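Here the structure is a predicted model, which means the values were calculated and not measured. When a ligand or atom number is given, it counts from 1 through the structure's own listing order.
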Amino acid sequence: MSIRVRFWGIVPAAGAGRRMGTEIPKQYLEVAGKPILQHALEHLLRVPRLSAVMVALAPGDDRWSDLACARDPRVLTTRGGKERAESVCNALHALAGLADPDDWVLVHDAARPCITPQDVERLMDALQSDPIGGILALPVTDTLKDVENDAIQNTLDRRRVWRALTPQMFRYRTLRTALERATAEHREVTDEACAVELLGLKPKIVEGRPDNIKVTQPEDLPLAAFYLERQCYE
Ligand code: CTP
Ligand code: MG
């Protein structure tokens, strides 16, 4: 008899938000009445299948304890690292006593407050029988150019290019091996899928919603507020 596989969340929230340029790290900026990180966690916690969410925080973070989610029994915390991948690795280590090797881990950026529980559920439903896992992604609508020294070298085949979003969902064992190997080999990985690809595996994509934006620069704040307010009426 097989043991039921569980789902765990990881939210890397230890970044400084340099491109945002604010004194407060962007995950703590208020949008539509709440800090960005609070929105992201609330939306994840609306997914009943997530057993718990491990949040990686910057050392010395004194804003976390003011969030309502900090008191939720399904929310756990650990220390983040210097790079996003290190923060996710720390969170995997912190889950070691709880998660089984075949359990699923969903990594979601703290800076994506507009994730909908329905998108998370669709990712889970689409990939739970998959051996490897995959990510939410968006097809691109613009024509894409390959550029060198301000000159176009080529036009890319748009049908083959997708934008990687989060959550990214992998088996605990696969993700831990992938990130530990990428770190040991000093490979720069900007998302979990990239580390898994370096193992020679081919993560799947599941089409996500275009409003699942990553708040990166100041102009993203009013856009996130607009999407969050509009989602209230769905
Ligand atoms: N992150 C993290 N630990 C780091 C760096 C980033 O947990 N050492 C998290 C961020 O908090 C964010 C997510 O990874 O939720 C995506 O990273 P990004 O959008 O690049 O955020 P920052 O690194 O904070 O922003 P910037 O790159 O502009 O400094
Ligand atoms: Mg960054």
Side-chain angles (χ1 to χ4, degrees), residues 8-32 34-45 50 52-67 69-70 75-95 105-116 119-120 135-138 163-170 175-176 178-180 182-183 186-196 208 210-225 227-228:
W8 303 91
I10 287 181
V11 173
R18 262 172 231 101
R19 284 168 288 180
M20 185 61 73
T22 48
E23 197 200 323
I24 301 178
K26 64 183 179 182
Q27 57 273 32
Y28 291 110
L29 294 176
E30 281 211 8
V31 169
K34 283 174 205 167
I36 286 176
L37 177 55
Q38 173 71 25
H39 281 291
L41 286 170
E42 265 179 35
H43 294 183
L44 289 179
L45 291 166
L50 276 180
V53 180
M54 183 65 73
V55 186
L57 300 171
D61 180 333
D62 55 5
R63 295 184 170 88
W64 165 255
S65 56
D66 292 335
L67 292 194
C69 276
V75 175
L76 310 167
T77 62
T78 190
R79 204 180 150 95
K82 284 191 290 295
E83 305 292 333
R84 183 183 180 285
E86 199 182 327
S87 295
V88 175
C89 241
N90 288 358
L92 285 169
H93 289 156
L95 280 175
V105 176
L106 286 88
V107 183
H108 181 66
D109 289 329
R112 292 185 191 270
C114 311
I115 180 67
T116 61
D119 249 12
V120 180
I135 71 172
L136 285 180
L138 262 188
R163 291 165 53 196
L165 311 175
T166 73
Q168 304 206 348
M169 172 172 142
F170 294 101
L175 188 55
R176 189 163 161 175
L179 287 173
E180 286 178 353
T183 306
H186 306 289
R187 305 290 291 262
E188 198 199 331
V189 293
T190 49
D191 70 350
E192 288 60 56
C194 183
V196 173
D211 58 1
N212 182 11
I213 59 166
K214 182 157 73 73
V215 176
T216 306
Q217 300 172 135
E219 55 266 36
D220 299 326
L221 291 167
L223 194 55
Y227 285 142
L228 286 165

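The closest approach between G80 and ligand 1 stays at or above 4.0 Å for every heavy atom of the residue. At least one heavy atom of G81 sits closer than 4.0 Å to an atom of ligand 1.
Neither the backbone nor the side chain of E86 has any atom closer than 4.0 Å to an atom of ligand 1 (non-hydrogen atoms only).
In the vicinity of S87, heavy-atom distances shorter than 4.0 Å reach the ligand 1 atoms 2 (C), 3 (N), 4 (C), 7 (O), 8 (N). Each of the following atoms of ligand 1 lies closer than 4.0 Å to a heavy atom of D109: 13 (C), 15 (O), 16 (C). Interface atoms of ligand 1 facing A16, defined by a heavy-atom separation under 4.0 Å, are 24 (O). For ligand 1, the atoms sitting less than 4.0 Å from at least one non-hydrogen atom of A111 are 15 (O), numbered in the order shown with element in parentheses. Within the listing of ligand 1, atoms 15 (O) sit less than 4.0 angstrom from a heavy atom of A110. Set against the non-hydrogen atoms of R18, the atoms of ligand 1 under 4.0 Å away are 25 (O), 26 (P), 28 (O), 29 (O).
At the top of the distance list for atom 20 (O) of ligand 1, counting protein heavy atoms only, stands R19 NH2, 3.0 Å. Shortest contact from atom 7 (O) of ligand 1 to any protein heavy atom: A14 N, 2.9 Å. The single protein non-hydrogen atom nearest to atom 12 (C) of ligand 1 is P12 O, 3.7 Å, given as residue, atom name and distance. Ranking protein heavy atoms by distance to atom 11 (O) of ligand 1, first place goes to G15 N, 3.0 Å.
Between V215 and M20 there is a side-chain heavy-atom pair separated by less than 4.5 Å. Side-chain atoms of E30 and Q38, non-hydrogen and from C-beta on, never get closer than 4.5 Å to each other. With a 4.5 Å cut-off on side-chain heavy atoms, Y28 and L67 count as touching. Taking 4.5 Å as the limit, every side-chain heavy atom of H43 sits out of range of all side-chain heavy atoms of R112.
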Please tabulate, one pair per line, all N/O donor-acceptor pairs under 3.5 Å involving side-chain atoms of residues 75-82, not counting sequence neighbours.
none

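Checking R84, Q168, K214, Q27 one by one against D109, the side chain to side chain donor-acceptor pair (under 3.5 Å) holds for a single residue, R84.
Ranked by closest heavy atom to atom 18 (P) of ligand 1, the top entry among K26, R84, M20 is K26.
For ligand 1, the polar-atom distance check finds no N/O of T216 at less than 3.5 Å from any of the ligand's N/O atoms. For ligand 1, the polar-atom distance check finds an N/O of G17 within less than 3.5 Å of one of the ligand's N/O atoms.
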- [ ] Show your working on side-chain contact (heavy atoms from CB on, under 4.5 Å) between V11 and L37 and close with a plain yes or no.
- [x] CA-CA 9 Å; V11 173; L37 177 55; 4.0 Å; yes

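Minimum heavy-atom separation, T216 to D220: N-OD2, 2.8 Å. Residues P25 and G15 come closest through the heavy atom pair CB-O, 3.8 Å. Residues V120 and P167 approach most closely at CG2-CG, 4.1 Å, considering heavy atoms.
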